[in-house]
Structures are given as C-alpha cells and as structure tokens.
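Chain naming here is simple, since letters A, B, ... match the order of the sequence lines and numbering starts at 1 in each.
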There are 2 protein chains.
Amino acid sequence: MATDIAKAERRVPLTRERVLRAAIERADQGGLEALTMRKLGQELGVEAMALYHHFANKDDLVDGMVDLVFGEIDLPDGGPDWKRAMRKRAVSVRDALLRHRWAIGLMESRRTPGPANLRHHDAVIGSLRAGGFDIATTAHAYSLLDSYIYGFALTKMNLPFETSEEVGEVAQAMLEPFPAGEYPHLMEILTDHVMQPGYDYGDEFEYGLELILDGLAKMHDQA
Amino acid sequence: MATDIAKAERRVPLTRERVLRAAIERADQGGLEALTMRKLGQELGVEAMALYHHFANKDDLVDGMVDLVFGEIDLPDGGPDWKRAMRKRAVSVRDALLRHRWAIGLMESRRTPGPANLRHHDAVIGSLRAGGFDIATTAHAYSLLDSYIYGFALTKMNLPFETSEEVGEVAQAMLEPFPAGEYPHLMEILTDHVMQPGYDYGDEFEYGLELILDGLAKMHDQA
DNA sequence: CCTGCTACTTTACGTTGTAAACCTGACGCC
DNA sequence: GGCGTCAGGTTTACAACGTAAAGTAGCAGG
C-alpha cells in the first residue's frame with residue numbers, strides 16, 4: 001500500500017501523444033525556434049534526453065506535430081456539391097495554419113507523411129472526382145487551391161502587423177529612411193485603404209477563394 | 001615598390017556586396033541552415049567575426065540577401081496592358097523564388113524592408129492602377145496574385161521529388177507502411193497522372209495563373 | 001535472488017551566434 | 001617625421017543547441 005502511494009506520486013510516464021501536445025503548444029506560442037528539446041523536457045518535468053525514448057530525433061517529433069495539425073483539418077465530404085466542400089475545406093486549412101503558423105513551411109515537406117496527411121489528400125481528391133472533375137483538372141484544381149491557401153497563410157503570417165491600427169506605425173517606420181514621395185503608389189494604398197478603420201487583411205482570403213472557385217467551376221462545366 | 005607588391009597580395013577587403021553574394025550562393029546550394037557565419041567567413045578567407053564589421057548580426061545579413069533577391073525580379077512596366085505585365089512579373093517572381101528557395105519564407109517577413117523590396121511593391125501597385133483597377137480591387141488582386149505565387153513556390157519547394165521518374169520511388173516509400181487500397185484516390189492520381197511520362201508539376205503554375213488573371217479581368221470589367 | 005527491460009538521468013561533444021578584448025597597418029595632422 | 005585615431009581584421013570565450021553514450025532506479029518474470 002505504501003508503495004502504491006509512492007507510485008501514485010510518481011510522475012505519469014511520457015507518451016508520444018503528451019509530448020506532441022506540449023510541443024505544439026510551445027511552437028504555437030513562441031514559434032519553431034522556441035521549441036528546443038531542453039525546454040520541452042523541462043515543461044514536461046523531464047530531462048531533454050528522455051524525449052529520445054519516444055522520438056528518434058527532433059525531426060521525428062516535428063513529423064508527429066505536423067500530422068496532428070493535419071488531423072485538425074475538416075475532411076471534405078464526398079457529396080456532389082464540390083464547391084461547398086472545397087470552400088469549407090479551404091477555410092479549415094487556413095484556420096489550422098493560422099493557429100499553427102510554424103507548420104506552414106512543413107506541411108508538405110516531410111518525407112514520411114503521417115496517416116492524417118495522406119487521408120486528407122485522399123479525401124480532397126476524392127471530393128473533386130465525385131464532383132465531376134476529370135483527373136487532369138483535379139490535379140490543376142488541387143494545385144491551385146493549395147498554392148493559394150498556403151500562400152495566403154504564408155503572406156499573412158509574414159505581415160509585420162496584425163491590426164489596422166498597427167499598420168500606421170509599422171508603415172511609418174518602414175518608409176522613414178527613404179525620401180518622402182519615393183513610393184507614391186505604395187503610400188496611397190496604405191493611407192487610403194489599408195490604414196482605414198475596418199480594414200482587415202484576413203478578409204482578402206474569401207475574395208480570392210471565391211474568384212478561384214468560380215474559375216474552377218467554369219473549367220468544370222467546359223469539360 | 002616592394003611594399004606595393006605586398007599590398008597587392010593582401011586580401012581584398014570585404015564589402016557588404018561581396019559578402020551578400022557569397023551568402024546567397026551558399027544558401028542557394030545548401031539551404032539556410034548551411035549558411036553559418038563561420039563557413040561563410042571561411043569561404044571569404046576571413047574569420048567569422050570579421051563579418052560583424054559589415055553586418056550588425058545574422059538577421060541584418062539575411063535582410064540584405066532578401067533585398068538582393070527582390071532586386072532580381074523584373075519590375076512590371078506601367079503600360080495599360082496590366083494582364084501582360086502581371087503575367088510577366090508573376091513568372092519573374094516565381095523564377096527568383098525557385099532560384100533562391102531559402103528566401104520564400106522570408107520575403108515579406110522582414111521588419112526593415114530594403115529599397116528593392118519597396119520599389120517592387122510600388123511598381124506592382126502602380127501597374128495595376130495604371131491598368132484601370134480601383135484601389136480596393138488593386139488590393140484584392142495583389143493579395144491574390146502574391147498568395148498564389150508564393151504558395152506555388154512553397155509547395156513546389158516542399159515536394160519531396162523533382163522529376164516524374166522520382167515520383168514512383170517516393171510515392172511507394174510513402175505508401176508502403178499502409179495497407180494497399182487505403183488511399184484509392186491518391187493512388188489513382190499518382191499512377192494515372194503524376195507518374196505518367198512528361199508530367200511536370202511546374203507546369204501547373206501557368207494554368208492557375210491564367211485562371212486567376214481571367215478572374216481578375218472579369219472584376220476589372222465589372223467595376 | 002537474479003536477470004533483463006523500460007524509462008529516465010548524467011555527462012560530454014561538436015556546432016551555433018555573438019560579446020569583448022586585442023592587434024595592426026594606413027591615414028590625417030601638427 | 002612622429003603620433004593618435006580608427007577601420008578592419010583576429011582571438012578568445014560563453015551560453016544554448018541537438019544528440020551520442022553510458023549510467024541508474026524500479027519493476028516483471030523465472
């Protein structure tokens with residue numbers, strides 16, 4: 001009995017799952033460069049080297065993190081309304097990428113994609129095929145959509161400002177070292193559009209997405 | 001005279017320019033993680049710390065590299081044929097990004113953009129405005145185009161294969177750990193399309209670009 | 001009681017960015 | 001001509017990183 005209590009007080013053992021959750025949380029908050037084996041271990045009440053009993057190396061850990069992110073994305077249903085399914089999927093991917101910005105450059109680069117990754121790809125292709133796209137157009141559509149979604153997340157992540165108010169300071173700091181009037185068009189669009197109250201770069205996503213979906217619909221009907 | 005010869009044999013002094021060129025070359029070949037201050041110094045016949053007389057820190061160096069890449073991009077002319085100008089610019093950006101893959105995640109993230117960066121943005125906005133786009137639609141168009149271009153470069157860079165022949169091995173290695181028939185649609189598109197001789201993922205770029213340009217033309221005419 | 005395994009710790013190594021101090025040859029100035 | 005100043009390098013040093021290698025504590029099964 002005494003030993004049982006001693007056991008209960010013992011640290012709960014690590015699992016891949018628990019490590020991955022903690023790793024994602026850290027990366028979400030501080031970016032990938034804040035994710036070091038030592039700090040991650042510390043957060044879990046463990047030395048860094050303990051992690052290597054559950055992951056071959058840091059890359060293996062990152063592979064696992066990426067597949068968990070893929071798992072957060074809603075799979076498109078297989079119904080005939082491919083447009084609705086693609087819209088929903090696009091928004092879901094964008095949301096996941098903005099929740100986990102560190103993942104943007106990694107989602108497709110892993111040489112050993114996890115099951116959630118493959119299932120996701122399979123479902124998207126299946127949805128387009130079920131919607132009536134032939135193979136070649138499916139490939140076009142998938143490339144176009146993913147390029148746009150990932151690119152949007154990438155450029156949004158990289159923007160040095162978040163809110164409409166911040167833009168003012170940042171823009172001023174950027175342009176300050178240069179003679180006034182050097183970049184008139186940039187200046188105009190910043191002051192007359194981006195810095196206007198209510199502007200949110202995030203809203204651009206839907207505009208581009210609808211334009212692309214409409215274009216794909218045209219291709220779909222032509223085929 | 002003897003001293004002159006001694007002088008001539010002396011090392012040519014470093015300049016920002018010379019360092020940046022060497023840094024870009026290294027990064028082009030080995031990626032950003034191959035770019036270390038020590039190796040870069042070694043390549044230039046100098047100790048690592050010597051670089052800090054020309055750059056405040058590594059970030060400053062990377063800022064300079066990014067602006068050189070921006071300088072390689074053809075500026076759009078200001079003529080009324082905005083579509084031609086945008087097409088040419090898009091291809092030029094894509095080419096620059098594929099030459100300098102390390103730059104893709106960095107182009108827009110620098111808090112202190114260089115002159116080539118700002119000039120580039122200014123010229124693109126100017127070209128769209130000259131083509132007849134109003135301010136709001138210009139913002140939409142720019143966001144859409146850049147998201148697509150950067151996203152395409154990102155996804156292409158991240159593909160674990162380059163040639164059509166490579167796909168076979170890589171795909172097999174990827175799917176090998178899973179039961180056959182687990183991902184039928186993925187399987188189909190790989191075998192019946194991607195692995196077919198002559199397929200090149202790079203060709204997808206033009207397809208998507210034309211679709212987007214056509215969509216923008218429609219918006220242009222409606223306004 | 002021994003054996004061996006699992007989960008974790010300890011120690012150590014090479015590599016990274018970079019702070020701080022030091023050296024050295026060229027140039028301006030009286 | 002001598003002398004201070006300084007730009008442009010070198011040397012040394014440090015903390016943080018990923019991770020190899022070896023050690024250890026506690027339990028399971030014979």
Exercise. Is the closest basic N to carboxylate O distance between A:Glu188 and B:Arg129 below 4.0 Å?
Worked result: yes
Exercise. Rounded to whole angstroms, how far apart are OH on A:Tyr52 and C1' on D:dA21?
Worked result: 14 Å
Exercise. What's the NE2-P distance between B:His53 and D:dT10, to the nearest Å?
Worked result: 9 Å
Exercise. Whole-Å distance between D:dG9 C1' and B:Leu44 CG?
Worked result: 13 Å
Problem set entry | Rounded interatomic separation in angstrom, taking CE from A:Met37 and C1' from C:dT11 | 17 Å
Exercise. Atom CZ of B:Arg38 to atom C1' of D:dC17: distance rounded to whole Å?
Worked result: 13 Å
Exercise. A:His54 side chain N/O closer than 4.0 Å to the phosphate oxygens (OP1, OP2) of C:dC8?
Worked result: yes
Problem set entry | Qualifying salt bridge (charged side-chain N to carboxylate O under 4.0 Å, His left out) pairs with a residue from residues 166-180 of chain B, counting only residues at least two apart or across chains | none
Exercise. Base, sugar-phosphate alone, or nothing: which one does A:Leu51 contact when heavy atoms must sit under 4.0 Å apart?
Worked result: nothing
Seminar exercise, completed: A:Ala50 has its side chain closest, among C:dT18, D:dG9, C:dT9, to C:dT9
For this session: Choose from D:dG9, C:dT18, C:dT9 the nucleotide whose nearest atom is closest to any side-chain atom of A:Val46.
Result: C:dT9
Problem set entry | Value rounded to 0.5 Å, distance of OH in A:Tyr183 from CG in A:Leu190 | 13.0 Å
Problem set entry | B:Met49, nearest nucleotide to its side chain (from C:dA20, D:dA21, D:dC17) | C:dA20
Exercise. Roughly how far, to the nearest 0.5 Å, is the OH atom of B:Tyr150 from the CD1 atom of B:Ile104?
Worked result: 9.5 Å
Seminar exercise, completed: Separation of D:dC17 atom C1' from A:Arg26 atom CZ, nearest Å, is 14 Å
Problem set entry | Side-chain N,O (B:Lys39) to OP1/OP2 (C:dT16) below 4.0 Å | yes
Exercise. Can you tell which of C:dC8, D:dT11, D:dT19 lies closest to the side chain of B:Glu47?
Worked result: D:dT11
